Student: 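Below is one structure. I have some questions about it.
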Amino acid sequence: MPRKPAPAAVRKSRPKPPPPKPKKRDGRRPAGSASRNRSGATAKSAILPPPPGQGKRGEQGYLAYLLRQAQAASRLSMERALASLKVTPPQFVVLTMLRAYPGLSGAELARVALLTPQTVGVIIRNLERSGAIARTPHPVHGRMLQWTLTRRGVRLLDGCRRHALALERRLAAGLSAKSQRMVRRWLSRIATDLQES
């Protein structure tokens, strides 16, 4: 015979599950809310950093970090601008230095371009392969090679400079001529003072 169901009073009641934690519209829990990990311990959610220009990434931040942040943003902007010419910012720096100081060796290029000798070696090989630079032996030290721009290199650098000048205008936007001089003087002094120490 089939078993009859037990009366309602005798049935074992199942415990109700706890209500879910409130979530934001994007599915994340609100900042500071506690969540349980597998071990059962509660852990507070991480505090998200502010965007550039705010908090410690703005006027309250350390000067060294703000310099690094500004340099990273400037480099990224330059990378995007030079991508159409298939030139990297370090290559642009090397081309610029060879126009300003023709006949530099690889070691001298590394010093003035603020790059490692290994990086400059790769850049030189790529620029020479593309026909942008040419080498000549040093008149005194025969083993030392001097590098100069070719006509192709001059044209390539001119195209790069148009993008660089556009970025320069963006960097100087909102600064008076006096403020620009102060900023240039401050940055130059940092380079010389820290190098000496």
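As the structure is a computational prediction, the values presented were derived from the model and not from experiment.
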Student: For the residue pair Gly58 and Leu66, what are the closest heavy atoms and their distance?
Tutor: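 Smallest heavy-atom distance, with atoms named: O-CD1, 3.3 Å.
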
Student: Does the side chain of Leu149 reach to within under 4.5 Å of the side chain of Pro102, using non-hydrogen atoms?
Tutor: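 SC-SC contact between Leu149 and Pro102 ruled out.
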
Student: Within the 4.5 Å heavy-atom criterion, are Leu145 and Ser105 side-chain neighbours or not?
Tutor: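 Leu145 does not reach Ser105 side chain to side chain.
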
Student: Go through the structure and list residues passing salt bridge (Lys or Arg N to Asp or Glu O under 4.0 Å) with Glu79, not counting sequence neighbours.
Tutor: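 In terms of salt bridge (Lys or Arg N to Asp or Glu O under 4.0 Å), with neighbours along the sequence ignored, Glu79 is linked to Arg75.
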
Student: Do the side chains of Phe92 and Leu157 get nearer than 4.5 Å, heavy atoms only?
Tutor: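 With C-beta onward as the side chain, the pair touches.
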
Student: For the residue pair Pro50 and Gly55, what are the closest heavy atoms and their distance?
Tutor: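 Heavy atoms of Pro50 and Gly55 come nearest at CG-CA, 4.5 Å.
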
Student: With a 4.5 Å cut-off on side-chain heavy-atom distances among I, L, V, M, F, W and Y, is there a chain of contacts connecting Leu171 to Leu82?
Tutor: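 Yes; tracing contacts between hydrophobic side chains, which count when under 4.5 Å, links both residues.
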
Student: Please check this pair: side chain of Ser130 against backbone of Leu127, looking for a donor-acceptor N/O pair closer than 3.5 Å.
Tutor: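 Yes, Ser130 side chain to Leu127 backbone: donor-acceptor pair under 3.5 Å.
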
Student: Apply side chain to side chain contact (heavy atoms under 4.5 Å, CB included) to Leu104 and Trp147, showing your working.
Tutor: CA-CA 6 Å; Leu104 290 177; Trp147 296 95; 6.0 Å; no

Student: Which heavy atom of Gly131 sits nearest a heavy atom of Thr150, and at what distance?
Tutor: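 Minimum heavy-atom separation between Gly131 and Thr150: O-OG1, 2.5 Å.
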
Student: Give a yes/no verdict on a cation-pi contact between Lys56 and Tyr65, requiring under 6.0 Å between NZ or CZ and the six-membered ring centre and an angle within 45° of the axis.
Tutor: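 So Lys56 doesn't make the cation-pi contact.
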
Student: Between CD of Glu108 and CE of Met97, what distance do you get to the nearest 0.5 Å?
Tutor: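 Going from CD on Glu108 over to CE on Met97, the span is 13.0 Å.
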
Student: Working to the nearest 0.5 angstrom, can you tell me the gap between Arg185 CZ and Gln180 CD?
Tutor: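 One finds 12.5 Å between CZ of Arg185 and CD of Gln180.
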
Student: Got Leu67 and Ile190 here, is their nearest side-chain heavy-atom distance under 4.5 Å?
Tutor: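 With C-beta onward as the side chain, the pair touches.
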
Student: Is there a chain of hydrophobic side chains (I, L, V, M, F, W, Y, each step under 4.5 Å between heavy atoms) that links Tyr101 to Val154?
Tutor: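 Result: yes, single cluster for both.
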
Student: So with a 6.0 Å cut-off around CZ of Arg161, is the heavy-atom count from everything else above 12?
Tutor: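 12 or below, so no.
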
Student: Give the minimum heavy-atom separation between Leu85 and Gly159, together with the two atoms involved.
Tutor: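 Closest heavy-atom pair between Leu85 and Gly159: CD1-C, 3.5 Å.
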
Student: Can you find a side-chain donor-acceptor pair between Arg135 and Gln146 that sits under 3.5 Å?
Tutor: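 Checked: Arg135/Gln146 side chains show no N/O donor-acceptor pair below 3.5 Å.
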
Student: List the atom pairs, donor and acceptor, that lie under 3.5 Å between side-chain atoms in residues 116-123 and the rest of the protein, sequence neighbours left out.
Tutor:
from, atom 1, to, atom 2, distance (Å)
Thr116, OG1, Thr119, N, 3.1
Thr116, OG1, Thr119, OG1, 2.8

Student: I want to check something: taking the side chain as every heavy atom from C-beta on, are Thr88 and Gln91 in contact at a cut-off of under 4.5 Å?
Tutor: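 They are in contact (side-chain heavy atoms under 4.5 Å apart), so the answer is yes.
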
Student: Within this structure, what is the CZ-CD1 distance for the pair Arg99 and Ile133, rounded to the nearest 0.5 Å?
Tutor: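 Going from the CZ atom of Arg99 to the CD1 atom of Ile133 covers 14.5 Å.
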
Student: Can you give me the closest heavy-atom contact between Arg57 and Pro52, atom names plus distance?
Tutor: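 Where Arg57 meets Pro52 most closely, the heavy atoms are NH2-CG, 3.5 Å.
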
Student: Take atom CD1 in Ile47; do more than 12 heavy atoms of anything else shown fall under 6.0 Å from it?
Tutor: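 Counting other residues, nucleotides and ligands, CD1 of Ile47 stays at 12 neighbours or fewer.
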
Student: Of Leu114, Leu95, Leu115, which is the lone residue that meets side-chain contact (heavy atoms from CB on, under 4.5 Å) with Pro90?
Tutor: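 The option that passes is Leu115.
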
Student: Any luck finding a side-chain donor-acceptor pair between Ser176 and Ser179 under 3.5 Å?
Tutor: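 Yes.
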
Student: Does the side chain of Arg181 reach to within under 4.5 Å of the side chain of Arg184, using non-hydrogen atoms?
Tutor: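 No, side chains not in contact.
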
